[in-house]
Amino acid sequence: MKKREATMSSQNPERKQSLVGWDSHLSRIFLLLLFVVSAQGLTPNPEACLVFSSVNGSSISCQPPAQIPHSLPADTIFLAVEFFNLTQLPADFLQGIPNLQELHLSSNRLEDFSPKFLLPVPQLKVLDLTRNSLTGLFPGFFRVSAALCTLVLKGNQLKFLEASWLHGLKALRHLDLSENQLHSLPPGLLENFTDLLTLDLSNNQLQTLPPDLLRGPLNLERLHLEGNRLQVLGEGLLAPQPKLRYLFLNDNRLASVAAGAFRGLQKLDMLDLSNNLLTTVPTGLWTSLGKAARNLKDGFDISNNPWICDQNLADLYRWLVANENKMFFRNHTRCAGPEALKGQTLLAAAESH
């Protein structure tokens, strides 16, 4: 699987982009701090956090063996405290830095937070809680976080969500809930997130999705649902998404896709349906895809499905022939039946019809 993903990334540069720019931004900040220290001919103190001051404010990065400071510069705008295996942080940890815009607490073991933890930082725009031990949040945690644009909860221990946990997030554009243990999602979870651009629910244990999941975010550009246990893609889930560009449904258990599932996806650049249980698809499914020159410009992948190459795939055959230049992993997109065509590539079957 890693090899397949690496190949896909090399063929499609967009796919290897991270959810948002904070990851690369953090790397740039860290390298910049090292560069400044080196340029000044100083030997870094291993027990001190890296601090970079600019006209905009101070950026601070703390990783072991550095000691976490008890107080921070009042003009701190960027703070990273990572890889410390912390289980708790003091309720007043952010007190005195009201201009903080980015907070990165990844790769600790944080289990929960004080209800007042974010109150001192109302201008916070990015909160990264990747790879911690959170099992939940609580209503009101984000009550002063109206400016928060990016929330990353990747790699925690969330088994369920409550819509009330996210109340107060009025500007959210990127939400990452990947690599948790979610079995289901509550109705109305995203109803107020009209500005949401990226939603990542990948690598959970979702078997179904609420039909109203995407009726709030009307500007969604990237949707990650890969690595779940979805069996059916219904008619209306994606209907309100005319701006969706990247759709990842790979590595699920999809055996059924409704004929109108992709209707209205006028700007789709990338579709991944690989590694599912699809044997056939309904006539009309592909009608709206691949027509305009820019549609699916970054390609599509329907490989590693047990396709039954009979007359029921006639509609798909025509579409494949018209869009074969956009197809990934042709050699892995093969017929599982009938016996006479077993092992033949789907494209060869399509071209013979």
Side-chain angles (χ1 to χ4, degrees), residues 18-20 22-23 26 61-64 68 78-95 100-122 124-186 188-190 192-193 196 198-207 209-210 213 224-229:
S18 58
L19 171 62
V20 287
W22 57 261
D23 198 13
L26 175 58
S61 179
C62 301
Q63 295 184 5
I68 301 173
F78 177 99
L79 175 61
V81 178
E82 301 176 302
F83 303 100
F84 281 97
N85 287 328
L86 300 168
T87 57
Q88 299 282 339
L89 283 170
D92 62 352
F93 182 67
L94 302 177
Q95 200 70 42
L100 188 68
Q101 296 183 24
E102 294 199 31
L103 176 60
H104 300 265
L105 297 171
S106 70
S107 302
N108 285 291
R109 292 187 296 170
L110 295 168
E111 298 172 352
D112 56 30
F113 291 96
S114 161
K116 299 179 180 180
F117 184 73
L118 295 179
L119 292 184
V121 289
L124 193 67
K125 295 181 180 179
V126 174
L127 177 58
D128 169 21
L129 297 170
T130 302
R131 289 186 294 278
N132 277 286
S133 301
L134 298 171
T135 57
L137 296 171
F138 44 82
F141 185 64
F142 296 111
R143 59 187 179 275
V144 300
S145 300
L148 197 72
C149 298
T150 298
L151 174 59
V152 185
L153 290 162
K154 176 180 180 178
N156 277 276
Q157 298 177 22
L158 300 174
K159 294 183 178 180
F160 67 96
L161 293 174
E162 293 184 14
S164 60
W165 293 353
L166 304 181
H167 286 177
L169 298 175
K170 299 178 181 180
L172 201 63
R173 295 166 68 86
H174 307 281
L175 176 60
D176 188 345
L177 293 162
S178 64
E179 298 181 23
N180 278 280
Q181 303 167 32
L182 298 171
H183 287 82
S184 62
L185 299 173
L189 178 67
L190 306 174
N192 296 317
F193 297 156
L196 198 66
T198 304
L199 175 62
D200 194 338
L201 292 164
S202 64
N203 298 307
N204 278 284
Q205 300 173 29
L206 298 169
Q207 298 183 34
L209 297 170
L213 178 66
H224 289 266
L225 294 170
E226 68 267 27
N228 280 285
R229 300 176 181 179

### Query
Testing L175, D176, L185 for side chain to side chain contact (heavy atoms under 4.5 Å, CB included) with L201, which one passes?
L185

### Message
Pairing donors with acceptors under 3.5 angstrom, does anything connect the side chains of H174 and T198?
### Response
yes

Can you give the donor-acceptor pairs under 3.5 Å from side chains of residues 139-149 to other protein atoms, not counting sequence neighbours?
| from | atom 1 | to | atom 2 | distance (Å) |
| --- | --- | --- | --- | --- |
| R143 | NH1 | P115 | O | 3.4 |
| R143 | NH1 | G140 | O | 2.7 |

### L151 CG to L137 CG distance, which is reported to the nearest 0.5 Å
7.5 Å

### Query
Taking all atoms of both residues into account, what is the closest heavy-atom pair of E226 and H224, and its distance?
OE2-ND1, 3.0 Å

### Task
State whether the side chain of D200 and the backbone N or O of S202 hold a donor-acceptor pair below 3.5 Å, judged by distance alone.
yes

### Task
Taking the side chain as every heavy atom from C-beta outward, state whether V126 and H104 have any pair of such atoms under 4.5 Å apart.
yes

### Query
Which distance, rounded to the nearest 0.5 Å, do you find between the CD of Q101 and the NZ of K125?
4.5 Å

For residues 159-171, tabulate all N or O donor-acceptor pairs below 3.5 Å that involve a side-chain atom, not counting sequence neighbours.
none

### Query
side chain to side chain contact (heavy atoms under 4.5 Å, CB included) between L124 and L94: does it pass, once the steps are laid out?
CA-CA 11 Å; L124 193 67; L94 302 177; 5.9 Å; no

### Query
Has the side chain of N180 got a donor or acceptor atom that lies under 3.5 Å from a matching backbone atom of Q157?
yes

### Message
To the nearest 0.5 Å, what is the distance between CG on L196 and CG on N192?
### Response
12.0 Å

### Query
If you take all heavy atoms of N156 and L134, which pair is closest and at what distance?
OD1-N, 3.0 Å

#### Entry: Verdict with supporting geometry, L127 and L118, side chain to side chain contact (heavy atoms under 4.5 Å, CB included)
CA-CA 10 Å; L127 177 58; L118 295 179; 4.3 Å; yes

### Query
Can you check whether F84's main-chain N or O pairs, donor with acceptor, with N108's side chain at less than 3.5 Å?
yes

### Task
Rounded to the nearest 0.5 Å, what's the gap from CZ on F83 to SG on C62? Could you check?
13.0 Å

### Message
Between F93 and I68, does the side chain to side chain contact (heavy atoms under 4.5 Å, CB included) criterion hold? Intermediate values first, please.
### Response
CA-CA 11 Å; F93 182 67; I68 301 173; 3.9 Å; yes

### Message
To check you understand the geometry: which heavy-atom pair defines the closest contact between L103 and F117, and what is its length?
### Response
CD2-CE2, 4.1 Å

#### Entry: N204 side chain to L206 backbone, donor-acceptor under 3.5 Å
no

### Message
With no hydrogens and no angle check, just 3.5 Å: does a side-chain donor-acceptor pair link S106 and E82?
### Response
yes

### Task
List the steps and the verdict of side chain to side chain contact (heavy atoms under 4.5 Å, CB included) for Q88 and E111.
CA-CA 7 Å; Q88 299 282 339; E111 298 172 352; 4.2 Å; yes

### Task
Indicate whether the side chain of R109 and that of S133 have a donor and an acceptor atom separated by less than 3.5 Å.
no

### Query
What distance separates R229 CZ from Q207 CD, expressed to the nearest 0.5 Å?
6.5 Å

### Nearest-0.5 Å distance, CG of residue N132 to OG of residue S107
7.5 Å

